[in-house]
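Chain naming here is simple, since letters A, B, ... match the order of the sequence lines and numbering starts at 1 in each.
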2 protein chains.
Amino acid sequence: MFQTSIYQNRRGILSKNIQDGILVFPANRELGMNFADNVYHFRQDSTFLYYFGIDQPDIVGVLDTDTGEEIIFGDELSIDAIIWMGALETLASKCEKAGIKDVRPKKELAPFLEKAKRNQAIHYLPPYRHDIQIDLSLWLDLPINLVNKKASIPFIKAVVAQRSIKEEVELVELRKAVDITNQMHLKAMEMAQPGVEEAEIAAELQRIAQASGGQLSFPSIVTKNGEILHNHYHGNTLKEGDLLLVDAGAETAMHYAGDMSRTMPVGGKFSQRQKEIFEVVYGAHQTAIEGLRPGERFLDRHLAAAAALTDGLKDLGLMKGDTQEAVAAGAHTLFFQCGLGHMMGLDVHDMENLGEEYVGYTDTLQKSKEFGLKSLRLGKELEKGYVITIEPGIYFIPQLIDQWKANKHLEQFINYDVVETYKDFGGIRQEEDFVITDNGYELLGEEIAKTVEAVEKEVSR
Amino acid sequence: MFQTSIYQNRRGILSKNIQDGILVFPANRELGMNFADNVYHFRQDSTFLYYFGIDQPDIVGVLDTDTGEEIIFGDELSIDAIIWMGALETLASKCEKAGIKDVRPKKELAPFLEKAKRNQAIHYLPPYRHDIQIDLSLWLDLPINLVNKKASIPFIKAVVAQRSIKEEVELVELRKAVDITNQMHLKAMEMAQPGVEEAEIAAELQRIAQASGGQLSFPSIVTKNGEILHNHYHGNTLKEGDLLLVDAGAETAMHYAGDMSRTMPVGGKFSQRQKEIFEVVYGAHQTAIEGLRPGERFLDRHLAAAAALTDGLKDLGLMKGDTQEAVAAGAHTLFFQCGLGHMMGLDVHDMENLGEEYVGYTDTLQKSKEFGLKSLRLGKELEKGYVITIEPGIYFIPQLIDQWKANKHLEQFINYDVVETYKDFGGIRQEEDFVITDNGYELLGEEIAKTVEAVEKEVSR
């Protein structure tokens, strides 16, 4: 946990921002895999961690913004439980570290809310866990299918405003996460040799994250089919000439995320074609980074990267026509179907459960519904303290190419005959993590191999 | 997947055993860790796997035992989803491999059940996932807190009867799981050296399980505090003289479990005291195994192991008095607080979600409520084809010793003065997996180091 005052300050600011009613923060529970007691690794809710820091299941935080009351509802271990689980730190002690003295049995929560809701508004965030949906449905006497719709927008907005600006103590944790993530990617490069199975590399990445005392921040992508954007299949064996795309990150013991991608040549040498596409992605990556500063819209960095990709693909004969017109028409989305990046913090897609319309956009800048832009999670102006990823890529998706080509879609910008010859290429992505500073940006962690030469060298060690 | 006929046969037997109404099998869903789309590794429901073999989330199997109809409700991937997830095998193709031709869109399930429930009984198993509780509540118009109470006992009993007797194809998978589990334990022994962190070993065990294409079958216990029975803390660094208790297992790609325990001396040499307790546990382990055969009550093997432990502890001066009387009084439970073992199969505690009263006991042999015996998951007569674990242990739990001693509990059987000197000892467990054969038992997999000498040798390699 951080110092007590950190949590107290955060809650104080939140209370002041809401100034009406009761805020309810359900911690996460353990979740059974194949039966109730065979559980996945416990992951606390990130907003709960942010305001309370207590990494324990099955407790609920309550802030009364009218009276200033701060309560944790939860139960101490019984002597029976101590026999099975050891003498753990008491809940009361953890609460004290979070600056909370009022700890009550869990069974008192329902009557507490029952009484409070007669006179006060009850605010909660939209739950992404089904057990919490059931809890809220029962506590607040709401039909289960209305629970998420009735989540509090003022609460969401106040949390987003706070969590978006990373404090210095958070940046220290985020740099740790990136340091471990760097080790993972360097190891993947070392292992990218013919005959190695994707599953072996994925397992080794998880080992590194766990051996550091944390976890993975998301399920690793380790694939020779990098064109499949969310590919969690690890069943292939690598062979000379393959590209291996690795998108993986560590989560520290305090649950801050890293998230990076590298694409590497199996065996250590990019082919001419691989090198050319790699350098287009690299160029777009650098273009995107250069403009990072407070006040810059992330949407504009996305479009700048799209233009750089388009220029590069024109040079290689895959695209044609005026770059700005091509980007405006979305022609680049045949190759770059997703967004340039996203916020990162306690969640790898930070605060995604609170809604992209609040985290990445504003009342005046709303998310586009167009193919490509609809996958851009962050569009609004950057502020000092935002932590973001930059991750342009080029992906040759055979089904998409076939579909567009059959419809002659945007053929004024695309040389389909040339594109056709890339259908077995796969995909390339490069991703790093940045914090926005007073005048620009800072890379989190050390820079590891990202040029053709540097990546080839790491693979060939 | 196994051959189509395996699933067809299993469903045929089940239908015949129930012969009334509709059986509903909800597959598991993906579960979000810290937001909906950041998911834990997918784990299919084991009963769904047993009858359908389809390892895909968010589908539902329905068997009509009156008409013989067999349906899978679920949706094929959209072209949009293919862009993000690649061209995966279609649901229709997977269903065909399971012997099911009738595949319908998921949205048709609710009206189907709505109609069916007017004329037919709807059977379902008790859900351990909250999303499935919500589904059943909505489909069957049941208050959420009644869903588990209304689960079908005939369905539970019929599934338990089938899944308890392992088929030859299942034994092949279980042996694979144990083979990988053996590798994990041998690696733990190799790593059990001063200066190594528990977390490093735990991470390596997970790596081995995953690199084999599977997962862990349960969260690993890797601890120098072996007296804490369900200890998932991995924050200690090992030092010379520590005991390291490892209880861990692999799950194969087809989701069959292994589950073994070994206790090893950090650095390679047991102390005299450690050796003595180790050998008592070893002796009880061998005693338990010797009597394994069809018709033998597992409860009696548990009591035989308890007697062997008591004899051993008497020899060491920790216990005293008549062994049978001590066991009958539960005096051994100061040291052996849990059960001798459990069923194993698609779940590491096989079918635990269906209820121990059906899996481990019968109408005439009900589970004891006494301390110790209440933790014995399996009591009933063994049958050919049962797969079980044998895992006696001795655990010195300071809080429990203090509590008993303060109450002079069973002091006619316990030399508290001697026990007092063992309060910092920790715990020792030894665990292997067996299948019951025509006349006895067979160890699953190869036997790995289990004597004092053999374990010391593995650690010292």
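- Distance check, rounded to the nearest 0.5 Å: CD1 of A/Ile144 to CD1 of B/Ile134 gives 4.0 Å.
- The candidate with the highest count of non-hydrogen atom pairs below 4.5 Å against chain B, out of A/Met351, A/Gln399, A/Gln403, A/Gln210, is A/Gln210.
- Looking at B/Glu352 and A/Asn38, their side chains never come closer than 4.5 Å, going by heavy atoms from C-beta outward.
- For A/Thr47, no part lies near chain B; criterion is any non-hydrogen pair under 4.5 Å.
- When each of B/Ala202, B/Ser137, B/Pro219, B/Pro127 is checked for heavy-atom pairs under 4.5 Å with chain A, B/Pro219 comes out on top.
- Counting non-hydrogen atoms of neighbouring residues, nucleotides and ligands closer than 6.0 angstrom, the CG atom of A/Asn407 exceeds 12 such neighbours.
- A/Glu227 touches chain B through its backbone: at least one of N, CA, C or O sits under 4.5 Å from a heavy atom, while the side chain does not.
- Heavy-atom distances place both the backbone and the side chain of A/His349 under 4.5 Å from chain B.
- Highest contact tally toward chain A, considering only B/His234, B/Gln44, B/Arg43, is held by B/Arg43 [criterion: heavy-atom pairs under 4.5 Å].
- Only the side chain of A/Leu138 comes within less than 4.5 Å of a heavy atom of chain B; its backbone N, CA, C and O stay farther away.
- Contact annotation for B/Ser217: only backbone heavy atoms (N, CA, C, O) come within less than 4.5 Å of a heavy atom of chain A.
- Using a 4.5 Å cut-off between heavy atoms, A/His232 makes no contact with chain B at all.
- To the nearest 0.5 Å, the span separating CZ on B/Phe35 from CG on A/Asp350 amounts to 8.5 Å.
- In this structure, the portion of A/Phe371 lying under 4.5 Å from any heavy atom of chain B is its side chain and not its backbone.
- In terms of non-hydrogen atom pairs under 4.5 Å with chain A, the most contact-rich of B/Asn353, B/Asn34, B/Asn28 is B/Asn34.
- A pairwise comparison of heavy atoms in B/Ala211 and A/Ala203 identifies N-CB, 3.6 Å as the closest pair.
- For A/Asp347, the parts lying under 4.5 angstrom from a heavy atom of chain B are both the backbone and the side chain.
- For a residue to count as touching a neighbouring chain, one of its non-hydrogen atoms must lie under 4.5 Å from one of that chain's; by this rule A/Glu204 touches chain B with backbone and side chain alike.
- For a residue to count as touching a neighbouring chain, one of its non-hydrogen atoms must lie under 4.5 Å from one of that chain's; by this rule B/His41 touches chain A with backbone and side chain alike.
- Taking all atoms of both residues into account, the shortest heavy-atom contact from B/Phe42 to A/Tyr40 is C-OH, 4.1 Å.
- In summary, of the residues considered (B/Arg129, B/His130, B/Gln133), a side chain to side chain contact (heavy atoms under 4.5 Å, CB included) with A/His130 occurs for B/His130 alone.
- For the atom pair A/His255 NE2 and B/Met33 CE, the distance stands at 11.5 Å (nearest 0.5 Å).
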